[in-house]
Structure formats: structure tokens, C-alpha cells
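One structure is given here, and the rest of the page talks about it.
Note that these values count all heavy atoms, side chains included, but never hydrogens, waters or copies made by symmetry. All chains are named by letter (A, B, ...) in the order of the sequence lines, taking the proteins before the strands, and each is independently numbered beginning at 1.
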Amino acid sequence: MSDLRLYNTYTRTVEEFHPLHDKNVGLYVCGPTVYGPPHLGHVRGPVVFDVLRRYMEFQGLKVRHVRNITDVGHLVGDGDEGEDKLSKQARLEQVEPMEIAQAYTLAYNDMCRMMNTLPPSIEPRASGHILEQIGMIEAIINAGLAYEANGSVYFDVLTYAKTHDYGKLSGRVLEDLIAGAGNEARELEGQGEKRNPNDFALWKKAAPEHIMQWNSPWGTGYPGWHIECSAMSRKYLGDIFDIHGGGMDLLFPHHESEIAQSTACTGHNPARFWIHHNMITINGQKMAKSLNNGIRVDELFAGNHPLLEQAYSPMTLRFFILQAHYRGTLDFSNEALQASDKGLQRLLNAAAQVKKLPVSDIGEYAVSDIWNNCVQSMNEDLNTPQVIAQLFEAARVCNQAADEKLKLDRENVELLGRLFDTWLLGILGIKAEEKGHESALDGVMQLLLTMRAEAKTNKNYALSDEIRNKLTALGFTIKDGKDGSSWSL
RNA sequence: GGUCGGAUGGCCGAGCGGCUAGGCACAGGUCUGCAAAACCUUUUACACCGGUUCGAAUCCGGUUCCGACCUCCA
């Protein structure tokens, strides 16, 4: 099996991936800040990194997958000093901050389960790792790269930049940041305690009325946003681990700061590979509160949003996401979703049919070619769209064989079956949608189909058509074959 | 304003120097009492202007649009 190559944002090149420790892979992915219900934009990351993980496991690697829950420290950036997102939401909903965190953590995990992503090996939360964060902040202070000011602690970016390349990951030049537009305005907002506007908070002093606060060597307060990931990834994956992932929006300042923090503390960039997925747009526009085009996942699954013409299933969404390469933006529209829905159905039908294929003595097609192409495509920076194209080729082969227009020998029929199991279900993580009360429903349907068959035998086509049309109107698909009729939803 | 990344046929989306993915939609055909499904066939491309090259959607330059990020802000 050839080697996996991945695009590394840090070096801006595609590099061969080899685990640091034998067959064990450490994968850290930035999880959500749990202050609101999951929306469409939250889905892509879990799906993309789930496929990466599944593929690595398919190749015999063992993956320790860590995904954090940010339940403290992420501030709302609107003027003043900024307020913690969870605290703000708690105030709005008049509940404890941890109730907010709990409710939306559950909602996020529900979403992940519906999307059929494998649960992370470890799911640490920021509020449960205050000690580790304080420890790391102390180490950074001892290294001379952070300073205390009025009960808060800030990372000293300018000093750090004298010996390190601050900005390499996000492609930013410090001088530009200093001279960047908007700094004048921001400086007016009372950032006096920072030595430099580019310094970022490691620890924030909490006002007495602040509802989330912990004791620290610098008084009561709460950790900054970036330090949690540095502390938790280090605790569970070590000073250096294989892959750190997240959305492209986290490139700066979040991941840039993580690198600075870890380097200040351990002397190393914590991750060998930095992998970032792109964003989802809607009808060509980005999702934004101001555009009022944000769609929550529950709205998508229920179909009750003004922009939605119908409900879409979690697997349709998963398939839709994987039909695009993870580093490109993905445009969401009803037309595109409907296309994915039908395409996926086609693959699933073929996959279900493969077990009933006639076996011939002659093999007119080598399924192994398809398999090898799948491997090649995945190895080239997870090119799932190409894998899917290969699966459609497999579906065509399958359908042709079913129609006896193409002969497959036993070996190839079996390989075709394994192809769908391994690639569609295993690596792409598509599961056939479960339908409730399947057997009872099937009984009713068989009854109706028998009645319709009788009507047809009696040449009562008016009745047989009526049965079919009304079933069609209810969403059923009736297929008339040589050996009788079958149905699907 | 700064820094990156994009512009591919009706829609979504691969490809990144010659062999022009794939899905959906459309059209024709096979099958069928009629449909559906399936299969076969087929039409629409590479934002614009220059250049490099025997040859460019793919490389270079310019133009126009679009997006992300630019500090405590998914």
C-alpha cells in the first residue's frame, strides 16, 4: 500500500505522512465553543477528520483522537473588554454557565452521532484543565515570554518574535500586524495593560461579579482562549504529536498562538502536521448572522428553514461534504443537496444489490483497478471526490452485471462487495439509513403489491395505476421487475 | 488598506501542460400495458486580456469579480 500524503498548512506543501511513534497516531482537532446550537458550519470538521481517522485505521494505524470542548475563555469581541461567550449566553438564558455548556455539548455530540462520526478517544473540556493551563502559563512566564499586568497575564509577542517565527503558520508578518488597519481604533479601547497590542491573553482577571472564575497565582480569573488547546493537547498527546486540525478560520490567531505558547513552553511546534478544512457557504455567500442565512443542523434535518425546500438526511449531508475536497469552500444549495441525495441513493442501491449478483465463469472486468484508484486518491491528500467517482464506476459495473450485460467471476463479485463495504460504509462512513418499523411496513407493502399484481393480472390497470400513484405520492418508489414488484422509500 | 486563497458546462464539483473525473438536471434510445428504476447514447466548459510553449483550463503577467483572516472575534 502506498503512502499517505497530506497538505501541511505549516509548510504549505503536500508531505508524506509517517507517524511519529510506530503505528500510533496522535490527532488533535479543535472542537466547538459550546454556547449555541450546532449549525451547518460545525459539521464539516468532524466529518473531514473522521474520514482521515477511518482511513488511517484502515491502513492499520492506531489513532488517538482528541477533540476538545471549549466551555470557558472564548470571549465575545464587541468593544469593552469582551465577555466570555458562555457567560453571556448564560446571562441571556438566565441559567448557570455550565448548564449552557452541558446543553450544547450534548447537542453537538448528538449531531456528531447522527453524522456517523466515530466518537473521539478523549473529549477534554477547558474548564476541567485549569491546573494544566496555569502550569503552562507559569512555564511561559519563567521562559520570559509572558508577563503579569494587573491580575492578567499576556503573551509577549514581540520578545517571542525575536527568536521565533511568529506568523509562519498563518502567513502573517508581525510588522504588518502592528501597522495593520484598525489598530488605532482598538488601542483606544483601553488595552493599556498590554505592552503591545499584538500580545494575547493567557489569563484574564475576573471582575468580582464574573460568574466563572478560578484561583491562580495572579488572583482569581479565567484562562485565555488559546491556552486550553496547548495544555490539553500536550497532556494527552505529548509535547510533539502528529496532527493538529481545525477550520481555516482558526489559523489566526488561535493556532498561531498555540504554536507560540507550546514553543515557549517546550521548545517545539507541537504538531508535525497542521491540517485545515475550508468553510461552507450558502448560495455563494458565507454564513453570517448579519445575512440571516445560518442554518442549524436540526433545521436541516427537519427541513424547517426558509432557505430549505425540503428536509435532508444526515447521510445526504455527509455525502455532500465528501463530494468536495476538504480544502475548498463548499457551496450549499437545495439543488446541490438534492443532487447528492439522489447520487447517494444510487450508490446505496448498488451496494445492496451486489450480494445478489449472478456469478459467471468469465471475468470481463477487474474490480481491483477501482480499488487501487480509491487508495491512490485518498493518498493524494484525501481526495474523497475522486473516491466517490470511483464508487459510481463500481455502481455502474454492479448494475450492468445485474442486468447481465457484463460478466463478473466470483472473485470480482466478492471484491465488488468488499469495495462498497470498505470504502462507502467503512472509510467514507456512510451508513444505510435506518427506517423504523421496517418489517411491519414491508408486510403492508407486500400486501398492496400483491393486490396490485392481481389487478394487473385481471387487466384492471386503472386500479393498479391508482395504487402505484398514491404510493408514489406518499414517497414510495415502485419498481416492476421480471420477478414481481419491489418498493423503496 | 494588508495578507492569503478562489473564478470550470443549467447546478454541485474533480483535474493543474497533451490522454478533456463524477454526480444531479436536460434530451434521445432499450426495457415496460403506461411509468419508475436500470442500462446505452448525447449537448452545454474552463472569468477577461496578453505572453511562454509544438501544445494551456492547467505555467507567467495584467484586469475584473468573489471569499477567508487581519487580536482578544467558530
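- Using a 4.0 Å heavy-atom cutoff across all strands shown, A:G171 reaches sugar-phosphate atoms only and no base atom.
- Pair assignment for B:A56 gives none, since no Watson-Crick or G-U wobble pairing has each distance under 3.5 Å.
- Judged by distance alone, the side chains of A:Q310 and A:Q338 do bring a donor and an acceptor atom under 3.5 Å apart.
- In terms of position along RNA chain B, the nucleotide closest to A:G328 lies nearer the 5' end than the nucleotide closest to the other residue of the pair A:G328 and A:N399.
- A salt bridge links A:D480 with A:R452: at least one charged nitrogen is closer than 4.0 Å to a carboxylate oxygen.
- A donor-acceptor contact under 3.5 Å links the side chain of A:R468 to the base of B:A35.
- Aromatic ring pairs are classed by plane angle as parallel below 30°, tilted from 30° to 60° and perpendicular above 60°; the pair A:H276 and A:W274 is parallel.
- Nucleic acid contact class of A:H325 (heavy atoms, under 4.0 Å, all strands): sugar-phosphate only.
- Interface remark: the A:K194 side chain does form a donor-acceptor pair with the B:C72 base, using a distance-only criterion of under 3.5 Å.
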Please tabulate, one pair per line, all N/O donor-acceptor pairs under 3.5 Å involving side-chain atoms of residues 347-358 of chain A, not counting sequence neighbours.
from, atom 1, to, atom 2, distance (Å)
A:N349, ND2, A:Q345, O, 3.4
A:Q353, NE2, A:N399, OD1, 2.9

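- Looking at heavy-atom distances under 4.0 Å, A:M248 makes no contact with the nucleic acid at all.
- Using cut-offs of 30° and 60° for the angle between ring planes, the A:Y312 and A:F332 rings count as perpendicular.
- Judged by distance alone, the side chain of A:N334 and the main-chain N or O of A:L307 form a donor-acceptor pair under 3.5 Å.
- Comparing A:T477 and A:G247 by the nucleotide of RNA chain B that holds the closest heavy atom to each, the one mapping nearer the 5' end is A:T477.
- The existence of a salt bridge linking A:D71 and A:R125 is confirmed by a sub-4.0 Å separation between a basic side-chain nitrogen and an acidic carboxylate oxygen.
- With both ends at atom P, the span from B:C11 to B:C16 equals 24 Å, rounded to whole Å.
- Within the nucleic acid shown, A:I388 has no heavy atom closer than 4.0 Å to any nucleic acid atom.
- When Watson-Crick and G-U wobble pairs are counted only if both distances are under 3.5 Å, B:A38 pairs with B:U30.
- Between B:C11 and A:N334, no contact under 4.0 Å exists linking OP1 or OP2 to a side-chain N or O.
- Whole-Å rounding puts the A:N379 CG to B:A14 P distance at 18 Å.
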Protein-nucleotides 23-28 of chain B N/O pairs under 3.5 Å:
from, atom 1, to, atom 2, distance (Å)
B:A25, OP1, A:K342, NZ, 3.0

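- Note on A:L330: only backbone sugar-phosphate atoms sit closer than 4.0 angstrom, heavy atoms only; bases stay farther off.
- Residue A:A201 is in base contact, counting any heavy-atom pair closer than 4.0 Å across all strands shown.
- Between B:G15 and B:A36, the two P atoms lie 35 Å apart (nearest whole Å).
- Of the N and O atoms on the side chains of A:Q390 and A:S377, not one donor lies less than 3.5 Å from an acceptor on the other residue.
- Residue-level contact check: A:D465 touches the bases, meaning some heavy atom is under 4.0 Å from a base atom.
- A:P32 comes within contact range of no nucleotide atom at all, as no heavy-atom separation falls under 4.0 Å.
- Counting non-hydrogen atoms under 4.0 angstrom, A:L250 reaches the backbone sugars and phosphates but no base.
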